[in-house]
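Below, all heavy atoms of this structure are taken into account, side chains as well, without hydrogens, waters or symmetry copies.
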Amino acid sequence: MTIIVSVWGALAVGAILLFFTWDMPGPEAALAATRRPSVTLQAGDGRVIATSGDIYGDVLRLSDMPASLPAALIAIEDRRFRSHWGLDVVGLARAAWVNLTAGRVAQGGSTITQQLAKNLFLTPARSFRRKVQEALLALWLERRFTKDEILEIYLNRVYLGAGAYGVDAAARLYFGISARRLELWQSAILAGLPRAPSRLNPRANPAGAVARGMEVLDAMAETGAIRDGSAAALAERMAFPRAPSREAGWFADWAQDDLAERFPGNADLVLRSALDAGLQSVVEARLEALLAGAGAQAGVAQGAVVAMEAETGAVRAMAGGRDYRASPFNRAVQARRQPGSAMKAFVFLAALEAGATPDDMVSDAPVSLGGWSPGNGAWRARGEISLEEAFAQSVNGAAVRVMQRAGGPRPVAAVATRLGLAGPHPRDGSIALGTGEASLLELTAAYAAFANGGMRVVPHALREARAGGQRVPVPAATPVRVIEAGHAAEMRRMLEAVVARGTGRGAGRGAGKTGTTQDFRDAWYIGFDRGLVLGIWLGNDDGTPMRGVAGGGLPVRLWREIMEGVR
């Protein structure tokens with residue numbers, strides 16, 4: 001009889017185990033599970049700008065991490081971690097009592113090992129069957145790995161909010177550093193996140209993250225991991241780096257365009273960009289302030305800004321509009337508008353290449369070509385002025401005559417194409433007044449050649465790339481000479497005259513050229529100073545005319561305000 005009972009008992013236990021484990025994943029296979037490759041885009045200082053896929057940092061050994069990190073986790077999540085065998089009976093009993101007396105689930109009894117089992121192998125579904133599976137897997141983990149190895153796996157794989165998996169990814173995301181360099185208070189912040197990573201992470205809820213971090217420090221004091229009173233002393237140090245720009249989405253979209261072609265393969269990508277986070281913030285703040293104030297009064301709804309290194313073409317800041325969340329359309333890259341008088345730089349360069357000099361004289365009287373007679377605005381004709389003066393004052397009649405000296409529209413179009421303007425370019429005299437189309441990014445890059453002595457640069461976002469932890473080459477074009485050095489110096493002289501005594505006087509420094517299109521539909525200023533080329537466009541998406549906004553007005557003002565904010 002005893003044998004029969006034992007057999008039936010064994011069969012019953014086997015059936016129960018089969019019920020709970022028939023669909024349970026194989027632990028060894030789950031540990032090696034694949035995930036979506038990630039793309040992490042960083043600013044120049046390492047701050048994360050944008051991410052996609054599952055974000056992971058470096059896989060760290062426990063010895064690589066500060067001792068405060070595992071100590072903080074154990075103090076707040078599982079104080080008997082070193083002594084239990086995967087399940088904490090005392091902790092489960094305490095949690096059951098607290099929940100019973102509270103009438104709700106107020107405390108959990110899961111150990112770190114159980115949490116790891118759940119995170120690695122199981123779905124978030126709440127059921128008795130899943131809890132049994134979690135317990136069985138926790139027992140397997142405790143048998144398969146040492147306590148330090150379990151901590152190591154947990155800290156490298158746990159989800160910590162905002163798309164970050166593992167402490168190194170979270171440390172880089174929230175603090176801009178590797179987890180190797182975490183301070184005590186930073187360790188406490190990260191250790192407090194597993195309870196509610198989406199709700200308590202520093203990006204979503206800085207105040208909540210600080211409050212939770214204080215709870216962790218108090219728990220560490222209770223366990224003797226830190227001295228009493230340390231938590232209060234650390235409270236004042238809890239401050240997070242400024243969050244990535246809310247509008248840098250335009251830059252991020254542009255920087256990540258065609259990544260599959262540029263970096264083939266399925267490895268995780270970490271891309272270090274040229275974006276200057278401080279300059280980006282200045283660009284956004286100044287653009288918004290202008291559009292909300294003087295711009296609103298003048299009927300200006302949109303603007304775009306590009307800041308670029310003159311020597312390399314690396315883009316250090318980009319605003320493609322007023323509010324990325326409302327309109328991700330990138331007006332700095334995708335919009336093609338008439339450049340107006342900003343096109344005159346290519347007209348005058350073509351004339352220099354045809355043998356003219358800045359000191360040559362040209363008539364500033366009105367001109368007529370086949371019945372087309374462009375106006376000169378408020379300019380009062382003097383008879384003849386130098387090419388430099390005609391350029392500085394942006395005299396239309398003189399610009400058309402300079403185009404004729406260059407040989408007509410075709411040489412001007414050739415110069416513009418050579419410097420990076422894709423066109424198409426008008427085939428008549430109106431090319432001299434900028435009736436073609438260009439993007440702000442194109443114009444800014446083209447003006448870089450005037451700033452750097454004649455070298456054409458290709459706008460680019462990335463400085464460095466790592467695929468699967470290994471550095472890989474970043475495809476980049478080498479600057480090439482497109483303007484003879486002497487002509488580049490003459491163009492710079494004329495661009496400086498625009499600021500010294502011409503339409504760009506409001507800039508107050510550097511060199512550049514204003515541009516205004518018919519009926520004030522577009523207003524531009526492309527200027528450079530101290531190695532930085534800064535392009536500005538103001539207007540309306542539907543081409544509605546602004547109220548008297550010329551390139552020498554609000555665009556120059558915005559350029560000056562941004563440059564004043566550059567260190």
Side-chain angles (χ1 to χ4, degrees), residues 336-419 421 423-438 442-443 446-447 450 483 487 490-495 497-498 501-504 511-526 545 550-552:
R336 304 189 66 78
R337 309 288 291 241
Q338 291 188 352
S341 292
M343 187 71 184
K344 289 175 182 173
F346 312 106
V347 175
F348 280 68
L349 174 58
L352 296 179
E353 292 179 344
T357 73
D359 297 319
D360 286 351
M361 304 301 288
V362 62
S363 170
D364 64 350
V367 66
S368 179
L369 289 179
W372 173 64
S373 300
N376 274 338
W379 177 258
R380 297 181 63 180
R382 304 176 187 176
E384 283 197 339
I385 55 176
S386 68
L387 264 64
E388 180 177 308
E389 190 67 11
F391 186 76
Q393 303 300 336
S394 202
V395 182
N396 287 341
V400 173
R401 291 185 172 90
V402 170
M403 176 205 66
Q404 291 174 317
R405 292 192 188 184
R410 184 172 295 178
V412 173
V415 167
T417 301
R418 192 169 78 229
L419 268 66
L421 270 62
H425 303 292
R427 300 181 180 181
D428 55 32
S430 70
I431 191 174
L433 306 187
T435 59
E437 292 183 343
E442 284 179 345
L443 276 173
Y447 270 67
F450 300 131
I483 308 174
H487 294 148
E490 290 175 325
M491 282 303 305
R492 182 171 187 133
R493 167 186 157 183
M494 290 194 289
L495 289 160
V498 172
R501 61 180 185 276
T503 57
K513 185 70 185 74
T514 59
T516 311
T517 62
Q518 189 173 17
D519 297 326
F520 302 104
R521 298 178 188 275
D522 303 275
W524 308 76
Y525 183 64
I526 318 294

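Using modelled atom types, no side-chain atom of Arg493 and backbone atom of Pro358 make a donor-acceptor pair closer than 3.5 Å. The closest donor-acceptor contact from the side chain of Arg521 to the backbone of Arg337 lies at 3.5 Å or more, if one exists at all. Between the side chain of Thr435 and the backbone N or O of Ser430, at least one donor-acceptor pair lies under 3.5 Å. Panel note: side chain Thr503, backbone Gly552; no donor-acceptor pair is recorded below 3.5 Å. Without hydrogens or angle criteria, Lys344 side chain to Ser394 main chain gives a donor-acceptor distance under 3.5 Å. Asp364 places a side-chain N or O within donor-acceptor distance of the main-chain N or O of Gly383, the cut-off being under 3.5 Å.
Here the shortest heavy-atom pairing between Phe450 and Ala345 reads CE1-CB, 3.7 Å. Of all heavy-atom pairs spanning Arg501 and Glu388, the tightest one is NH2-OE2, 2.5 Å. Heavy-atom minimum distance, Gly423 versus Arg336: O-NH2, 3.2 Å. Taking each heavy atom of Val412 and Val347 in turn, the nearest pair found is CG1-CG2, 3.7 Å. Contact record, Ala406 with Ala351: CB-N, 3.6 Å, taken as the closest heavy-atom pair. Minimum interatomic distance between Gly429 and Pro409 (heavy atoms only, all atoms of both residues): N-CG, 4.1 Å.
Separation of atoms CD1 (Ile385) and CE (Met361) is listed at 7.5 Å; rounding is to 0.5 Å. Separating the CZ atom in Arg405 from the CG atom in Leu352 is a distance of 11.0 Å, to the nearest 0.5 Å. The structure places CG of Asn396 at 4.5 Å from CG of Leu433, a figure rounded to the nearest 0.5 Å. With rounding to the nearest 0.5 angstrom, the CZ atom of Phe348 is 14.5 Å from the NE2 atom of His487. Separation of atoms CH2 (Trp524) and OG1 (Thr514) is listed at 12.5 Å; rounding is to 0.5 Å.
Between Glu437 and Glu442, every side-chain heavy-atom pair lies at or beyond the 4.5 Å cut-off. Glu384 has its side chain out of reach of Val362: every pair of non-hydrogen atoms, C-beta onward, lies at least 4.5 Å apart. Counting heavy atoms from C-beta outward, Leu495 and Phe391 have side chains that approach closer than 4.5 Å.
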query = Hey, mind stepping through Met491 and Ile483 against side-chain contact (heavy atoms from CB on, under 4.5 Å) and telling me if it holds?
reply = CA-CA 10 Å; Met491 282 303 305; Ile483 308 174; 5.7 Å; no

query = Can Glu389 and Arg382 be said to form a side-chain contact (heavy atoms from CB on, under 4.5 Å), step by step?
reply = CA-CA 11 Å; Glu389 190 67 11; Arg382 304 176 187 176; 4.1 Å; yes

inquiry  = With side-chain contact (heavy atoms from CB on, under 4.5 Å) as the criterion, how do Arg401 and Leu387 come out once you've worked through the C-alpha distance, each side chain's angles and the decisive distance to 0.1 Å?
reply    = CA-CA 10 Å; Arg401 291 185 172 90; Leu387 264 64; over 6 Å; no

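Within 6.0 Å of CZ on Arg410 lie no more than 12 heavy atoms contributed by other residues, nucleotides or ligands. A 6.0 Å sphere centred on CD of Gln518 holds no more than 12 heavy atoms belonging to other residues, nucleotides or ligands.
For the residue pair Ser341 and Lys513, no side-chain donor N or O sits within less than 3.5 Å of a side-chain acceptor on the partner. In this model, no donor atom of one side chain and acceptor atom of the other lie less than 3.5 Å apart for Thr357 and Asp359.
A perpendicular orientation is assigned to the rings of Phe346 and Tyr447, their planes being inclined by more than 60° (bins at 30° and 60°).
With salt bridges taken as basic N to acidic carboxylate O contacts below 4.0 Å, one links Glu353 and Arg418.
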